[in-house]
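Labels below follow one simple rule: chain letters A, B, ... track the order of the sequence lines, proteins then strands, and each chain is numbered from 1.
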Amino acid sequence: MPLKVASFNINGIKARLPRLLEWLEETRPSIACLQEIKTQDEGFPAAEFEKIGYHAIWHGQKGFNGVAILADGQAPVEVQRGLAGEPEDEHARYLEADVMGLRVVCIYLPNGNPQPGPKFDYKLRWMERLRARMAAISAQEVPALVIGDYNVIPKDSDTYSVKAMADDALMQPQSRDAYQRLLNDGWTDAIGLHNPQGGVWTYWDYQAGAWQRDHGFRIDHALLSPELADRLESAGVDKAYRGREKASDHAPVWVTLRA
DNA sequence: ATGGCTTTAAAATAAAGA
């Protein structure tokens with residue numbers, strides 16, 4: 001059986017819990033990485049996941065951000081939370097674990113809007129801190145994947161409208177260059193590789209009928225280390241979940257890996 | 001659109017998101 005690793009920016013684990021549980025039961029990923037849980041650690045509904053067979057680790061904070069890693073039938077072993085290089089940064093955006101023979105990194109990369117400005121500067125610094133950590137993981141030569149909400153539109157074919165997004169932090173040249181450096185370092189964009197023509201979205205805004213008009217873009221990514229890229233079988237987006245009642249504004253993404 | 005939704009926190013608005 002191939003291993004299935006999924007990622008879902010759920011936009012609030014309290015508001016989304018029924019949707020999240022049904023997605024887990026219907027698609028049954030081996031490993032599920034969550035972003036924007038938007039809860040403090042003590043509010044994380046671990047018991048609800050245990051009931052359906054998932055063990056979890058999580059890194060929360062009050063009100064916004066927050067990431068978690070769930071695994072089917074076994075507990076992820078935490079390796080690191082948070083990125084080095086900026087001790088005053090308390091945002092809960094990075095969680096790294098060993099599970100099922102993989103190094104799994106769950107990220108919620110800063111949005112960076114408005115740009116220019118301090119939030120955009122923080123985004124770019126965070127991307128360089130991430131790159132340093134990913135280089136260290138690469139040097140360990142372990143099968144690894146870094147999956148989650150990158151808040152980067154890699155190419156023009158990854159958005160419904162280049163014009164509408166032109167001033168957005170998600171597709172500034174600096175954001176794209178920083179993302180491209182990760183690929184140049186040897187990481188493989190699994191979903192991009194399986195959809196070379198573009199036109200695949202993972203996010204649709206709540207506003208202006210974006211979902212109904214299919215006005216989306218691709219910002220949730222799964223990057224595979226060279227050791228793991230050889231095992232990539234397929235990759236995709238669970239698009240239909242964006243159309244359900246009380247949906248997140250993101251759809252889940254996933255990869256399957258040969259044993 | 002300086003934001004047309006949505007969530008959280010918390011008690012009416014405000015921050016944050018992308």
Q: Using atom CG of A:N11 as one end and atom P of B:dG17 as the other, report the distance to the nearest whole Å.
A: 11 Å

Q | Pairing of A:E88 and A:R125 as salt bridge, 4.0 angstrom limit | A | no

Q.
Rounded to whole Å, please give me the gap between OH in A:Y206 and C1' in B:dG17.
A. 10 Å

Q: Measure from the side chain of A:Q207, starting at C-beta and using heavy atoms only, and say which of B:dA18, B:dC5, B:dT7 lies closest.
A: B:dC5

Q: Tell me what A:A15 touches on the nucleic acid: a base, only sugar-phosphate, or nothing, going by heavy atoms under 4.0 Å.
A: sugar-phosphate

Q. Is it true that the side chains of A:Y122 and A:D89 contain a donor and an acceptor less than 3.5 Å apart?
A. yes

Q: Rounded to the nearest angstrom, tell me the gap between atom CD in A:E36 and atom C1' in B:dC5.
A: 14 Å

Q | Heavy atoms of other groups near A:E245 CD, more than 12 under 6.0 Å | A | no

Q: Scan residues 145-165 of chain A against DNA chain B and write down, sorted by residue number, each residue with any heavy atom closer than 4.0 Å; if none is found, say none.
A: A:D149, A:N151

Q) Mapping A:R213 and A:G12 onto DNA chain B by nearest heavy atom, which one lands closer to the 5' end? A) A:R213

Q: Take atom P in B:dT2 and the same atom in B:dT13, then report the distance between them in whole Å.
A: 24 Å

Q: Rounded off to whole Å, could you give me the CG-to-P distance for the A:D249 and B:dT8 pair?
A: 12 Å

Q. In terms of side-chain geometry, is the basic nitrogen of A:R258 or A:D230 positioned less than 4.0 Å from the acidic oxygen of its partner?
A. no

Q: To the nearest Å, give me how far apart CZ (A:R218) and C1' (B:dA18) are.
A: 16 Å

Q) Is A:D72 salt-bridged to A:K4, cutoff N-O under 4.0 Å? A) no

Q | B:dT7 OP1/OP2 closer than 4.0 Å to side-chain N/O of A:K246 | A | yes

**Q.** C1'-based separation of B:dT8 from B:dA12 [nearest Å]
**A.** 14 Å

**Q.** Integer angstrom distance from the P of B:dG4 to that of B:dA15
**A.** 15 Å

**Q.** Hphob cluster co-occupancy, A:V152 + A:V162, side-chain heavy atoms under 4.5 angstrom
**A.** no

Q: With A:Y150 as reference, evaluate A:I219, A:D220, A:D189, A:I107 under the side chain to side chain contact (heavy atoms under 4.5 Å, CB included) test and give the passing residue.
A: A:I107

Q: Before accepting this row, confirm whether a basic side-chain N of the pair A:E96/A:R81 lies closer than 4.0 Å to the acidic partner's carboxylate O.
A: no

(Q) Taking the C1' atom in each of B:dA1 and B:dA11, what is the distance between them to the nearest angstrom? (A) 29 Å

Q. Of A:H250 and A:A247, whose closest DNA chain B nucleotide lies nearer the 5' terminus?
A. A:A247

Q: Would you mind checking if A:K239 and A:D214 are paired as a salt bridge, meaning a charged N to carboxylate O distance below 4.0 Å?
A: yes

Q | Interatomic distance where NZ belongs to A:K123 and C1' belongs to B:dG17 [whole Å] | A | 12 Å

Q) Quick one: A:I10 CD1 to B:dA18 C1', roughly how many Å, whole number? A) 17 Å

Q: Considering only atom C1', compute the distance from B:dA10 to B:dA16 and round it to an integer number of Å.
A: 16 Å

Q: Please report, rounded to the nearest Å, how far the P atom of B:dG4 is from the CG atom of A:D205.
A: 11 Å

Q | salt bridge (charged side-chain N to carboxylate O under 4.0 Å, His left out) against A:K246, all qualifying residues, sequence neighbours excluded | A | none

(Q) Any carboxylate oxygen within less than 4.0 angstrom of a Lys/Arg side-chain nitrogen, looking at A:K51 and A:E48? (A) yes

(Q) Counting only heavy atoms and a strict 4.0 angstrom limit, can you tell me which residues of residues 235-244 of chain A come near DNA chain B? (A) none

Q: Please work out if A:N113 contacts a base, only the sugar-phosphate, or nothing of the nucleic acid, heavy-atom cut-off 4.0 Å.
A: base

(Q) Using the ring-ring contact (aromatic ring centres under 6.0 Å, His included) criterion, which residues pair with A:F64? Sequence neighbours excluded. (A) A:H91

Q: For A:H91, report the nucleic acid contact type (base, sugar-phosphate, nothing); a contact means any heavy atom under 4.0 Å.
A: nothing

Q.
Could you work out, with ring-ring contact (aromatic ring centres under 6.0 Å, His included) as the rule, every residue matching A:Y160, not counting sequence neighbours?
A. A:H215

Measure all distances between protein nitrogen or oxygen atoms and nitrogen or oxygen atoms of nucleotides 9-16 of chain B, and list the pairs falling under 3.5 Å.
residue : atom : partner : partner atom : Å
B:dA9   : OP1  : A:G63   : N            : 3.4
B:dA9   : OP2  : A:K14   : NZ           : 3.3
B:dA10  : OP1  : A:K62   : NZ           : 3.2

